[in-house]
> 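Let me begin by handing over the structure; questions about it come next.
Ligands are counted one by one from 1 in listed order, and the atoms in each one are counted from 1 as well.
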Amino acid sequence: MKAARIHQYNKPVVLEDIPVPDIQPDEILVNVTACGMCRSDVQLVDGYFRPYADIAPPITIGHEIVGVVHKIGSTVPKSAGFAEGDHVVVCPGWGDGTCRHCQVGNTQICPNVRWPGFGEYGGFAEFVPVPARYLIKVDKRLKFEELAPLTDAGVTPYRGIKKLRDAGALGANRVMAVFGVGGLGLYAVQYAKLLGGGAKVVAIARNREKLAIAKEYGADHIISTQGKSAGDVAAELKDATGQPDLDAIIDCAGAEETVKLALGLLSISGQYADVGLAGDRIDVPLFPRVSREQVIHGSFWGNYTDISEVLALMAEGKIRHTLKSFPFDQINEQLNLLRTGDIVGRAVMTF
Ligand SMILES: [Zn+2]
């Protein structure tokens with residue numbers, strides 16, 4: 001089968017033919033039909049994660065995976081309801097199933113978690129073995145290329161915004177901002193409107209072309225940070241919303257400068273959720289955070305339930321996608337475009 005693999009970090013991935021993998025008895029072999037490309041694919045190639053998990057090559061990249069059931073393992077229970085030919089979405093974040101995080105469904109933060117696309121098997125390959133309990137069967141009328149990004153780009157901001165909502169940061173007479181309007185941010189704007197309880201939604205980013213799409217997707221206001229100081233942004237925010245600060249923030253960029261700007265604009269008792277990883281570390285002044293009782297939420301990817309919820313929203317036609325599809329042999333070109341920020345929305349590889 002075709003597979004795109006890292007053989008050496010900081011080099012182009014190698015497009016090659018390798019054997020179709022075997023499956024364990026509790027797994028299903030998925031014939032991949034589409035796989036979204038994520039900034040973390042670029043970061044993996046570039047060695048960003050090596051201080052945290054130095055995965056030994058070869059690594060098959062790609063974790064936003066959808067496909068068709070090809071072969072079912074011998075111990076997959078009949079009650080799971082899978083049949084060959086079913087269309088399935090792969091929930092990443094395969095926990096050990098025994099720790100307390102797994103027991104409450106948060107398998108993506110299991111200390112023994114495994115990820116497709118960060119080891120031997122991944123979605124930029126024609127086949128991937130997946131534990132059956134991490135597959136969700138979907139309606140055959142849904143488009144593969146629209147389903148793929150929902151397993152990361154389309155679920156990660158959803159979980160972050162649910163955290164803000166559940167912690168009481170959203171609602172009427174609040175202002176919520178989405179920082180960064182790349183692959184994740186364009187979904188975040190839509191969830192902010194769906195889950196915000198009437199909060200005004202402001203998209204804040206540099207790129208005006210991407211901001212225009214955020215406006216089309218429901219942002220009440222857009223602010224470009226291009227060439228502006230934090231004071232300029234606060235003034236523009238006040239003009240647009242009547243207040244110079246933000247009650248809730250979902251940061252889909254996570255670059256050092258966006259984190260600094262975002263936390264500087266956070267209101268008294270404001271809440272901030274970071275789901276972006278463009279930067280590597282942050283420098284947060286302590287006194288304002290303590291004296292203003294601000295909350296910083298960590299929010300990582302999404303679990304099976306989160307993914308089921310965004311799939312349900314998609315099936316109801318409530319999610320809009322900005323996508324471009326590309327063939328397998330263009331993987332390195334697309335990685336380069338993503339590295340330089342030159343992809344609008346999500347690029348999805350289709351077989
Ligand atoms: Zn676990």
Side-chain angles (χ1 to χ4, degrees), residues 21-30 32 35-36 38 40-41 43-44 48-56 59-67 69 72-82 88-123 125 128-138 148-167 184 254 273-277 296-312:
D22 289 329
I23 51 170
Q24 299 298 313
D26 65 339
E27 290 179 338
I28 285 177
L29 190 63
V30 174
V32 177
C35 182
C38 182
S40 56
D41 294 315
Q43 290 174 307
L44 179 63
Y48 175 95
F49 300 111
R50 294 185 77 183
Y52 312 103
D54 197 11
I55 308 161
I59 303 163
T60 306
I61 63 170
H63 53 264
E64 292 186 345
I65 310 166
V66 295
V69 171
I72 301 173
S74 59
T75 64
V76 175
K78 287 261 178 303
S79 58
F82 290 110
V88 285
V89 161
V90 178
C91 294
W94 304 342
D96 57 14
T98 59
C99 76
R100 69 183 172 90
H101 307 291
C102 286
Q103 293 291 9
V104 298
N106 291 325
T107 61
Q108 87 284 9
I109 53 170
C110 174
N112 301 310
V113 68
R114 295 186 297 134
W115 300 93
F118 294 87
E120 192 174 357
Y121 305 116
V128 60
V130 180
R133 67 179 185 279
Y134 292 112
L135 287 173
I136 300 178
K137 191 161 130 178
V138 291
L150 292 188
T151 60
D152 182 2
V155 74
T156 299
Y158 182 78
R159 181 177 175 86
I161 293 171
K162 270 171 76 179
K163 289 198 174 209
L164 294 168
R165 180 198 61 186
D166 295 350
L184 279 71
D274 173 29
V275 294
L277 284 174
I296 298 179
H297 294 270
S299 186
F300 191 47
W301 219 305
N303 65 20
Y304 184 102
T305 305
D306 300 321
I307 293 173
S308 303
E309 289 176 18
V310 297
L311 290 172

> Does Asp22 have more than 12 heavy atoms from other residues, nucleotides or ligands lying within 6.0 Å of its CG?
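No, not enclosed.
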
> With a sphere of 6.0 Å drawn around CD of Glu309, does it hold more than 12 non-hydrogen atoms of other residues, nucleotides or ligands?
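Atom CD in Glu309 is crowded, with more than 12 foreign heavy atoms closer than 6.0 Å.
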
> Output yes when a side-chain donor or acceptor of Asp274 lies under 3.5 Å from a complementary backbone atom of Gly276, and no otherwise.
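Checking the backbone N and O of Gly276 against the side chain of Asp274, a donor-acceptor pair under 3.5 Å is found.
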
> Say whether, by atom type as modelled, one donor and one acceptor occur between the side chain of Thr60 and the main chain of Glu120 under 3.5 angstrom.
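Confirmed, Thr60 side chain pairs with Glu120 backbone.
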
> At a cut-off of 2.8 Å, list the protein N/O/S atoms near the Zn ion (ligand 1), residue plus atom name.
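For the Zn ion (ligand 1), the protein N, O and S atoms that sit under 2.8 Å away are Asp96 OD1, Cys99 SG, Cys102 SG, Cys110 SG.
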
> Would you say Glu64's side chain and Cys38's backbone share a donor-acceptor pair under 3.5 angstrom?
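A pair under 3.5 Å: no.
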
> Once the angle between the rings of Trp115 and Trp301 is folded into 0 to 90°, is it parallel (under 30°), tilted (30 to 60°) or perpendicular (over 60°)?
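Trp115 vs Trp301 ring planes: parallel.
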
